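Since we're looking at a predicted model, the values are computed, not measured. For the single chain, residues carry numbers from 1 onward in sequence order.
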Amino acid sequence: MGKLLIVGSIAIDEIETPFGETGRILGGAATFIGLAANQFEISSGIVSIVGEDLPKEYLSLLKERHIDLSGVEVVKGGKTFYWKGRYHNDMNTRDTLVTELNTLADFNPIVPNHFKDADVAMLGNLNPSVQMGVINQMEQRPKLIILDTMNFWMDNALNDLLDVIKKIDVITINDEEARQLTNEYSLVKAAEKIHEMGPKYVVIKKGEHGALLFHEKDIFFAPALPLEEVFDPTGAGDTFAGGFAGYLTATNDISFENMKNAIIYGSNLASFSVEKFGTERMQNLKKEEIDKRLHQFKALTQFNIELE
């Protein structure tokens with residue numbers, strides 16, 4: 001069974017959308033990555049930090065899905081990372097109303113010994129110094145190191161981020177972040193520049209417009225499934241990353257051809273994540289639903305054309 005190490009936040013979120021408000025609910029990059037990766041036959045573990053204020057049932061929810069939490073530090077008297085945001089009517093733009101790093105501000109990740117030989121490491125969106133700290137603790141280099149990051153770190157910790165990018169195999173960022181990182185408007189040129197920074201594979205997420213995979217001169221595009229309603233896009237990118245990493249861990253195949261499948265699996269799971277607030281949809285997802293939607297993805301992209 002493949003082994004996946006997940007590094008990221010376990011958070012308390014509060015979300016406002018045109019569909020309503022949630023109050024305080026479970027969130028965080030590691031949470032969504034873990035729930036998505038859990039759809040595959042793998043061994044997964046999370047490295048994170050939380051405060052005593054995190055409801056115990058949230059950690060129980062992850063444990064019940066056989067996600068190893070021995071790398072999750074609970075700080076006595078501490079408070080969990082908290083984020084509150086409001087989405088606009090188009091559901092593509094949002095305003096951050098409150099961000100409280102709390103225990104995450106002084107996060108010193110400790111990788112459990114039994115995950116220092118993980119096959120795949122998924123570095124969720126965190127301070128690059130934390131991500132580097134995890135890489136340095138691995139007893140042997142994972143077959144694949146995947147990095148997710150965002151514009152905040154490009155603005156505030158660019159040199160540290162570039163050091164991490166040198167050491168990874170796959171980077172997943174959105175189109176705006178790819179342009180900011182490279183100063184290139186063309187995503188093809190942006191991907192070429194990012195390749196030169198270190199990663200063999202570049203995944204550029206385009207939200208409701210799908211995702212692009214770049215490897216040397218090869219390009220693959222996966223559409224996003226058109227949905228009637230999107231309730232909450234908060235965890236979509238992390239769910240995508242979790243599906244991508246989980247599939248590659250389970251199949252033990254990191255070729256470009258197999259990464260195409262991983263992109264589809266990630267997009268498929270992300271399409272479920274947005275259908276309910278927070279983690280609700282991912283908690284109750286059934287294999288039959290996943291398979292049925294995979295057929296929809298296939299029908300969306302399959303065609304026959306005669307070429308001379």
Side-chain angles (χ1 to χ4, degrees), residues 1-15 21-84 100-104 107-115 118 120-126 130 134 231-232 234-243 245-246 249-250 269-270 272-290:
M1 185 181 288
K3 193 180 289 188
L4 171 65
L5 176 67
I6 300 163
V7 186
S9 59
I10 296 175
I12 295 174
D13 287 348
E14 200 165 342
I15 298 160
E21 302 178 16
T22 63
R24 294 163 70 88
I25 59 173
L26 174 63
T31 302
F32 285 102
I33 293 168
L35 289 173
N38 180 250
Q39 301 299 327
F40 304 93
E41 292 292 325
I42 63 171
S43 172
S44 63
I46 290 176
V47 172
S48 191
I49 189 168
V50 297
E52 271 189 316
D53 62 330
L54 186 78
K56 289 183 172 57
E57 60 264 29
Y58 290 170
L59 293 181
S60 297
L61 187 154
L62 297 172
K63 284 180 182 176
E64 287 165 7
R65 283 153 178 79
H66 307 292
I67 299 171
D68 188 304
L69 299 184
S70 57
V72 177
E73 180 184 355
V74 181
V75 179
K76 288 186 177 180
K79 287 190 172 183
T80 304
F81 173 59
Y82 169 74
W83 179 83
K84 182 175 182 178
E100 296 175 2
L101 291 176
N102 297 326
T103 54
L104 200 61
F107 181 31
N108 180 27
I110 299 175
V111 179
N113 288 332
H114 55 288
F115 270 94
V120 177
M122 177 67 234
L123 307 178
N125 175 35
L126 282 174
V130 173
V134 169
F231 271 79
D232 175 17
T234 305
D238 295 315
T239 301
F240 170 89
T249 305
L269 290 171
F272 288 106
S273 175
V274 302
E275 291 182 336
K276 298 285 185 182
F277 283 112
T279 61
E280 183 182 348
R281 190 68 174 93
M282 298 306 295
Q283 290 178 39
N284 303 303
L285 192 55
K286 302 288 190 296
K287 186 179 184 303
E288 308 82 68
E289 296 176 296
I290 297 172

S.K.: For the residue pair Val75 and Phe107, establish whether any side-chain heavy-atom pair is separated by less than 4.5 Å.
M.R.: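 The answer is no, as the side chains (C-beta and beyond) never meet within the 4.5 Å cut-off.
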
S.K.: Is there a side-chain contact between Asp68 and His114 (heavy atoms, below 4.5 Å)?
M.R.: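 Yes, side chains in contact.
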
S.K.: For Ala270 and Ala236, which heavy atoms make the closest approach, and how far apart are they?
M.R.: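 Heavy atoms only, the tightest pair is CB-O, 3.6 Å.
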
S.K.: Show the numbers, then the answer: is there a side chain to side chain contact (heavy atoms under 4.5 Å, CB included) between Val47 and Phe115?
M.R.: CA-CA 10 Å; Val47 172; Phe115 270 94; over 6 Å; no

S.K.: Taking the side chain as every heavy atom from C-beta outward, state whether Leu69 and Ser48 have any pair of such atoms under 4.5 Å apart.
M.R.: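 When only atoms from C-beta onward are counted, Ser48 and Leu69 do not touch, as no gap falls below 4.5 Å.
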
S.K.: For the pair Val274 and Thr239, evaluate side chain to side chain contact (heavy atoms under 4.5 Å, CB included) and give the outcome as yes or no after the intermediate values.
M.R.: CA-CA 10 Å; Val274 302; Thr239 301; over 6 Å; no

S.K.: Out of curiosity, Asp13 CG to Phe81 CZ, how far, rounded to the nearest 0.5 Å?
M.R.: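 Answer for the CG-CZ pair, Asp13 versus Phe81, is 7.5 Å.
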
S.K.: Can you confirm whether Val134 sits close enough to Leu5 that some side-chain heavy atom of one is under 4.5 Å from a side-chain heavy atom of the other?
M.R.: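 In short, these two side chains touch, coming nearer than 4.5 Å.
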
S.K.: Contact between Tyr58 and Ile10 at the side-chain level, heavy atoms closer than 4.5 Å - yes or no?
M.R.: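 Side-chain contact under 4.5 Å: no.
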
S.K.: How about CD1 on Ile110, more than 12 heavy atoms from neighbouring residues, nucleotides or ligands closer than 6.0 Å, or not?
M.R.: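 No, because the 6.0 Å sphere around CD1 of Ile110 holds 12 heavy atoms or fewer from other groups.
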
S.K.: Closest heavy-atom contact between Ile12 and Pro55?
M.R.: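 Smallest interatomic distance, heavy atoms only, reads CD1-CD, 4.5 Å.
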
S.K.: I need the single residue from Thr103, Asn102, Thr80 that forms a side-chain hydrogen bond (donor to acceptor under 3.5 Å, both in side chains) with Asp53. Which is it?
M.R.: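 Running side-chain hydrogen bond (donor to acceptor under 3.5 Å, both in side chains) over Thr103, Asn102, Thr80 with Asp53 returns exactly one hit, Thr80.
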
S.K.: Taking Glu52 for the side chain and Gly77 for the main chain, is one N or O donor matched with an acceptor at less than 3.5 Å?
M.R.: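 Checked: pair present.
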
S.K.: For a quick test of reading the model, state the closest non-hydrogen atom pair linking Phe231 to Phe277 and the distance between them.
M.R.: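 Closest approach of Phe231 to Phe277, heavy atoms only: O-CE2, 3.8 Å.
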
S.K.: Hey, are the side chains of Leu285 and Leu269 touching, using non-hydrogen atoms and a 4.5 Å cut-off?
M.R.: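 A side-chain contact exists here, since the closest heavy-atom pair is under 4.5 Å.
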
S.K.: Step by step, would you call Leu4 with Met122 a side chain to side chain contact (heavy atoms under 4.5 Å, CB included)?
M.R.: CA-CA 7 Å; Leu4 171 65; Met122 177 67 234; 4.1 Å; yes

S.K.: Name each donor-acceptor pair under 3.5 Å that joins a side chain in residues 21-46 to protein atoms two or more places apart or in another chain, with its distance.
M.R.:
| residue | atom | partner | partner atom | Å |
| --- | --- | --- | --- | --- |
| Thr22 | OG1 | Ile15 | N | 2.9 |
| Thr31 | OG1 | Gly27 | O | 2.8 |
| Asn38 | ND2 | Arg65 | O | 2.5 |

S.K.: Do you know the tightest heavy-atom contact between Phe272 and Met282?
M.R.: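 Result for this residue pair: CB-SD, 4.3 Å.
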
